[in-house]
Amino acid sequence: EVQPVESGGGLVQAGGSLRLSCAASGFTFDANAIAWFRQAPGKEREGVSCISSSDGITYYQDSVKGRFTISRDNAKNTVYLQMNSLKPEDPAVYYCSVQGSNWCWSGTAYWGKGTLVTVSS
């Protein structure tokens, strides 16, 4: 069974940093793009960042460009989201999304259960 597992969420002051991890197994990890989504209370789930599998191309939502960095370690079956300069608008539950192909935004095949990020002002 494929079950991505997120970790690394928590409470941080505005301007601080967190690194989220998504560990996944049960499939050919380096064959699938991996994305991070987030959902704040009362809002729809939105794509934050994605990294393709074949060439490591990365994508970022405009609001996080320059602050967040996505990376992957295929040897560890893990994708990371380094979040710097966190803002009051960043708090949400962050979800790992195993994409259905090696291309980003091709649709989610598997969702993690999420990790909560809270930012204090």
Side-chain angles (χ1 to χ4, degrees):
E1 180 182 359
V2 178
Q3 179 59 67
V5 178
E6 303 96 336
S7 61
L11 172 64
V12 65
Q13 285 191 326
S17 299
L18 284 173
R19 188 177 79 155
L20 306 184
S21 299
C22 171
S25 60
F27 65 105
T28 306
F29 186 82
D30 61 1
N32 291 74
I34 307 290
W36 285 95
F37 285 73
R38 67 185 179 186
Q39 187 167 22
K43 295 188 177 181
E44 293 187 355
R45 191 173 296 190
E46 61 179 3
V48 175
S49 183
C50 185
I51 185 166
S52 68
S53 60
S54 57
D55 46 18
I57 292 177
T58 57
Y59 300 86
Y60 298 95
Q61 184 193 94
D62 285 346
S63 68
V64 307
K65 282 181 181 177
R67 301 189 297 121
F68 291 10
T69 303
I70 191 170
S71 61
R72 65 190 296 158
D73 185 339
N74 290 336
K76 296 182 178 180
N77 284 10
T78 302
V79 169
Y80 304 98
L81 186 68
Q82 178 67 43
M83 306 188 297
N84 298 329
S85 302
L86 283 161
K87 299 180 177 181
E89 57 263 37
D90 292 321
V93 177
Y94 282 71
Y95 296 92
C96 178
S97 157
V98 176
Q99 299 285 280
S101 76
N102 62 337
W103 302 108
C104 278
W105 316 124
S106 57
T108 296
Y110 306 101
W111 287 105
K113 295 183 178 180
T115 185
L116 179 64
V117 171
T118 305
V119 179
S120 64
S121 55

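Under a hydrophobic-cluster definition in which Ile, Leu, Val, Met, Phe, Trp and Tyr are linked whenever side-chain heavy atoms come within less than 4.5 Å, directly or via other members, L81 and Y59 are assigned to different clusters. At a threshold of 4.5 Å between side-chain heavy atoms, the hydrophobic network of Ile, Leu, Val, Met, Phe, Trp and Tyr places Y80 and V98 in two separate groups. Linking ILVMFWY side-chain heavy atoms closer than 4.5 Å, directly or via other members, places I57 and V79 in two distinct hydrophobic clusters. Under the 4.5 Å side-chain heavy-atom criterion for Ile, Leu, Val, Met, Phe, Trp and Tyr, M83 and V93 are members of distinct hydrophobic clusters. Under the 4.5 Å side-chain heavy-atom criterion for grouping Ile, Leu, Val, Met, Phe, Trp and Tyr, Y95 is connected to L116 within one hydrophobic cluster.
Residues T108 and S97 share a closest heavy-atom pair of OG1-OG, 2.7 Å. Between Q3 and G112, the shortest heavy-atom contact is NE2-CA, 3.7 Å. The nearest pair of heavy atoms linking S121 to A14 is CA-CB, 4.4 Å. Annotation for V48 and V64: closest pair O-CG2, 3.8 Å, computed over non-hydrogen atoms. Here the shortest heavy-atom pairing between C96 and P4 reads SG-CB, 4.0 Å. Nearest heavy atom pair, residue R72 against residue D30, reads NH2-CA, 3.9 Å.
The structure places CD of E44 at 8.5 Å from CD of Q39, a figure rounded to the nearest 0.5 Å. One finds the SG atom of C104 at 7.0 Å from the CD1 atom of I70 (value rounded to the nearest 0.5 Å). If you take OG on S71 and CD1 on I34, they are separated by 12.0 Å, rounding to the nearest 0.5 Å. Of the inter-residue distances, the one linking T58 atom OG1 with I51 atom CD1 reads 6.5 Å to the nearest 0.5 angstrom. The CG atom of D55 lies 6.0 Å from the CH2 atom of W103; values are rounded to the nearest 0.5 Å. The OG atom of S7 lies 15.0 Å from the OH atom of Y94; values are rounded to the nearest 0.5 Å.
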*Take S53 and N32 through the side chain to side chain contact (heavy atoms under 4.5 Å, CB included) test and state the conclusion after the steps.*
CA-CA 5 Å; S53 60; N32 291 74; 5.5 Å; no
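Taking A109 as the reference, nothing meets the side chain to side chain contact (heavy atoms under 4.5 Å, CB included) condition, with sequence neighbours excluded. Partners of A23 according to the side chain to side chain contact (heavy atoms under 4.5 Å, CB included) rule, which considers only residues two or more places apart in sequence or in another chain, are T78. Here W111 pairs with F37 under the ring-ring contact (aromatic ring centres under 6.0 Å, His included) rule; sequence neighbours left out. With sequence neighbours left out, the side chain to side chain contact (heavy atoms under 4.5 Å, CB included) criterion links T69 to Y60, Q82. In terms of the salt bridge (Lys or Arg N to Asp or Glu O under 4.0 Å) criterion, K43 has no residue partners (sequence neighbours excluded).
Judged by distance alone, the side chain of E6 and the main-chain N or O of G114 form a donor-acceptor pair under 3.5 Å. Judged by distance alone, with hydrogens and angles left aside, the side-chain atoms of S85 form no donor-acceptor pair with the main-chain N or O of R67 at under 3.5 Å. A side-chain donor-acceptor contact under 3.5 Å links Q99 to the backbone of W105.
Remark: the S52 side chain and the N102 side chain contain no N/O donor-acceptor pair separated by less than 3.5 Å.
Legend: ring-ring contact (aromatic ring centres under 6.0 Å, His included) pairs involving residues 1-28, not counting sequence neighbours, sorted by first then second residue: F27-F29.
Here K87 does not pair with D90 in a salt bridge; the nearest charged N to carboxylate O distance is not below 4.0 Å.
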